[in-house]
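This one's a predicted model, so the numbers in the text were calculated from it and none came from an experiment. FYI, side chains are in, hydrogens and waters are out, and symmetry mates aren't considered; it's all heavy atoms of this structure.
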Amino acid sequence: KLRYFVAGRKALMYGTTMNLKEETAATLKRFDIGDKFSYLPVLPKASVLIPLFVRGGQLHTLLTLRSKELRTGAGEVCFPGGKRDPSDRDDVDTALREAQEEIGLPPDQVEVVCTLFPVFSKRGLLVSPVVGFVEETFTPIPNPSEVSAVFAVPLDFFTREKDHYITHGVAGMTGPLHSFYFRDPASENQYHIFGLTAMLATLVAVLALKKKPQFDLGFDHVDPLAFFQKVLHKRLSKL
């Protein structure tokens, strides 16, 4: 009887996970940019992968801590990603290649869901966020020359007021600058998530969870495209 109970429980959990994945994928696909931004001029480009997975009936994402030896962004928290390579076919290719190089994630183990609207990084790169699902069982293998740690954060964390800080009027920023402090229960390490990474994590959280955050987001959480287009065009006008 216990065996049947355990088997039934596993089947139920698997079904719940699949339903949550499918529902989330369907929700996020509505925000896929397709060729909406094909009119943009040729600019230095980069991509990040926002890896999602389901654990304990909750959506989570993976983040990395950049190596302190790197020339740019040393010791910062970010999603796997980097600059477009001439051999990359598109933004998705860049994100998957970088994720494989940085955390050992094979491209065929990523179920790509969508590419969200591009945003400018502080270094002037046009960054395309690519969202995809990975298996909960995936074990990262960090490349020590680029990544010093990989950790998982519940997506709901990025909608809560607790451990969230906001700064207004930051030079070069349109809207508030979001900042989070997250203590990883697995390692007991505390991570500071801020800037572009915090903004993208919050964006994916509110879109995927269809949830208004407990703090001022700075843009319409139901339809954020207009805000991001405005920011993009404002930056382009200064180039």
**Q** Would you mind reporting whether Gln58 and Pro154 have side-chain heavy atoms less than 4.5 Å apart?
**A**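 Yes, at least one pair of side-chain atoms sits under 4.5 Å.
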**Q** What is the distance from atom CZ of Arg89 to atom CG of Leu96, rounded to the nearest 0.5 Å?
**A** 9.0 Å
**Q** Ignoring hydrogens and angles, tell me if any N or O in the side chain of Thr197 forms a donor-acceptor pair with the backbone of Val77 under 3.5 Å.
**A** yes
**Q** Quick one: closest heavy-atom pair of Asp184 and Ala152, and the distance?
**A** OD1-O, 4.4 Å
**Q** In Å and rounded to the nearest 0.5 Å, what is the CZ to OG1 distance from Arg84 to Thr94?
**A** 4.5 Å
**Q** Does the side chain of Phe158 come within less than 4.5 Å of Val206's, by heavy atoms?
**A** no
**Q** Should Tyr191 and Tyr165 be counted in the same cluster of Ile, Leu, Val, Met, Phe, Trp and Tyr side chains packed under 4.5 Å apart?
**A** no
**Q** Side-chain contact test, heavy atoms from C-beta onward, threshold under 4.5 Å: evaluate it for Phe228 versus Pro118 and give yes or no.
**A** no
**Q** A side-chain contact here means heavy atoms from C-beta on lying under 4.5 Å apart; do Leu105 and Gln100 qualify?
**A** no
**Q** Determine, using the 4.5 Å side-chain heavy-atom cutoff (strictly less than), whether Phe120 and Tyr39 are members of one ILVMFWY cluster.
**A** yes
**Q** Got a salt bridge between Glu98 and Lys83, using NZ or NE/NH1/NH2 to carboxylate O under 4.0 Å?
**A** no
**Q** SG/Cys78 to CG/Leu63 distance, rounded to the nearest 0.5 angstrom?
**A**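 Interatomic distance, Cys78 SG to Leu63 CG, rounded to 0.5 Å: 8.0 Å.
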**Q** Is it possible for you to say whether Leu43 and Leu125 belong to one hydrophobic cluster, with membership spreading through side-chain heavy-atom contacts below 4.5 Å?
**A**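 Shared cluster, yes.
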**Q** Ignoring hydrogens and geometry, is there a side-chain-to-backbone donor-acceptor pair from Thr64 to Arg66 under 3.5 Å?
**A**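 Judged by distance alone, no pair lies under 3.5 Å.
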**Q** Identify the heavy atoms of Leu207 and Thr27 that sit nearest to each other, and give their distance.
**A** O-CG2, 3.2 Å
**Q** Decide side chain to side chain contact (heavy atoms under 4.5 Å, CB included) for Phe215 and Thr202; before the verdict, give the C-alpha distance in whole Å, the side-chain angles of both, and the deciding distance to 0.1 Å.
**A** CA-CA 11 Å; Phe215 47 82; Thr202 305; 4.0 Å; yes
**Q** For residues Phe151 and Ile193, report the shortest heavy-atom separation together with the two atoms involved.
**A** CE1-CD1, 4.4 Å
**Q** When you group the ILVMFWY residues by side-chain heavy-atom contacts below 4.5 Å and let the links chain together, are Met199 and Leu225 in the same group?
**A** yes
**Q** Before we go on, tell me: are the rings of Phe31 and Phe117 under 6.0 Å apart, centre to centre?
**A** no
**Q** Are Leu155 and Phe194 connected into the same hydrophobic cluster when the rule is that any two of I, L, V, M, F, W, Y join if their side-chain heavy atoms are below 4.5 Å apart?
**A** no
**Q** Would a line drawn from the ring center of Phe133 to the ring center of Phe53 be shorter than 6.0 Å?
**A** no
**Q** Taking the side chain as every heavy atom from C-beta outward, state whether Val110 and Asp108 have any atom pair closer than 4.5 Å.
**A** no
**Q** Please check if the number of heavy atoms outside Glu135 that lie under 6.0 Å from its CD is greater than 12.
**A** no
**Q** By side-chain contact (heavy atoms from CB on, under 4.5 Å), which residues pair with Pro142, not counting sequence neighbours?
**A**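 Pro142 satisfies side-chain contact (heavy atoms from CB on, under 4.5 Å) with Val147, Val150 once adjacent residues are dropped.
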**Q** Around Arg183, counting heavy atoms of other residues, nucleotides and ligands shown, do more than 12 lie under 6.0 Å from its CZ?
**A** yes
**Q** So Leu62 and Leu49, do their side chains get closer than 4.5 Å, heavy atoms only?
**A** no
**Q** Return yes if some donor-acceptor pair links the side-chain N/O of Asp32 with the main-chain N/O of Thr115 below 3.5 Å, else return no.
**A**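 At least one qualifying donor-acceptor pair exists.
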**Q** List the steps, then state whether side chain to side chain contact (heavy atoms under 4.5 Å, CB included) holds for Val204 with Thr61.
**A** CA-CA 10 Å; Val204 172; Thr61 190; over 6 Å; no
**Q** Between atom CZ of Phe180 and atom CG of Asp163, what is the distance when rounded to the nearest 0.5 Å?
**A** 9.5 Å
**Q** Under the salt bridge (Lys or Arg N to Asp or Glu O under 4.0 Å) rule, what pairs show up with a residue in residues 42-60, not counting sequence neighbours?
**A**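 Listed once each, the pairs are Lys45-Asp91, Arg55-Glu136.
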**Q** Whether the side chain of Asp85 engages the backbone of Asp88 through a donor-acceptor N/O pair (distance < 3.5 Å, no angle test) should be reported.
**A** no
**Q** Is it true that a side-chain atom of Ser148 and a backbone atom of Pro144 form a donor plus acceptor pair closer than 3.5 Å?
**A**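 Checked: no pair found.
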**Q** Do you know which two heavy atoms are closest between Ser47 and Ala95, and how far apart they sit?
**A** CB-N, 3.7 Å
**Q** Can you check side chain to side chain contact (heavy atoms under 4.5 Å, CB included) on Leu200 and Val119, steps first, answer last?
**A** CA-CA 9 Å; Leu200 290 178; Val119 289; 4.2 Å; yes
**Q** When rounded to the nearest 0.5 angstrom, what is the spacing between CD in Glu111 and CG in Leu52?
**A** 10.5 Å
**Q** Which residue pairs pass the side chain to side chain donor-acceptor pair (under 3.5 Å) test with at least one member in residues 210-222, sequence neighbours excluded?
**A** Asp156-Lys211
**Q** Would you please indicate yes or no on a ring centroid separation below 6.0 angstrom for Phe157 and Phe182?
**A** yes
**Q** Side-chain donor-acceptor pair under 3.5 Å between Ser179 and His164, yes or no?
**A**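 No, no side-chain donor-acceptor pair sits under 3.5 Å.
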**Q** Can you confirm whether Leu59 sits close enough to Thr24 that some side-chain heavy atom of one is under 4.5 Å from a side-chain heavy atom of the other?
**A**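 A side-chain contact under 4.5 Å exists here.
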**Q** Any donor-acceptor pair under 3.5 Å linking the side chain of His178 with the backbone of Ala201?
**A**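 Flag not set: sc His178 to bb Ala201 has no pair under 3.5 Å.
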**Q** Nearest 0.5 Å, please: how far is CG in Leu217 from CG in Leu203?
**A** 8.0 Å
**Q** Quick one: do Ile166 and Leu177 satisfy side chain to side chain contact (heavy atoms under 4.5 Å, CB included)? Show the steps, please.
**A** CA-CA 6 Å; Ile166 201 161; Leu177 179 73; over 6 Å; no
**Q** Could you check whether any side-chain heavy atom of Leu232 comes within less than 4.5 Å of a side-chain heavy atom of Leu126, counting everything from C-beta outward?
**A**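 The answer is yes, as the side chains (C-beta and beyond) meet within the 4.5 Å cut-off.
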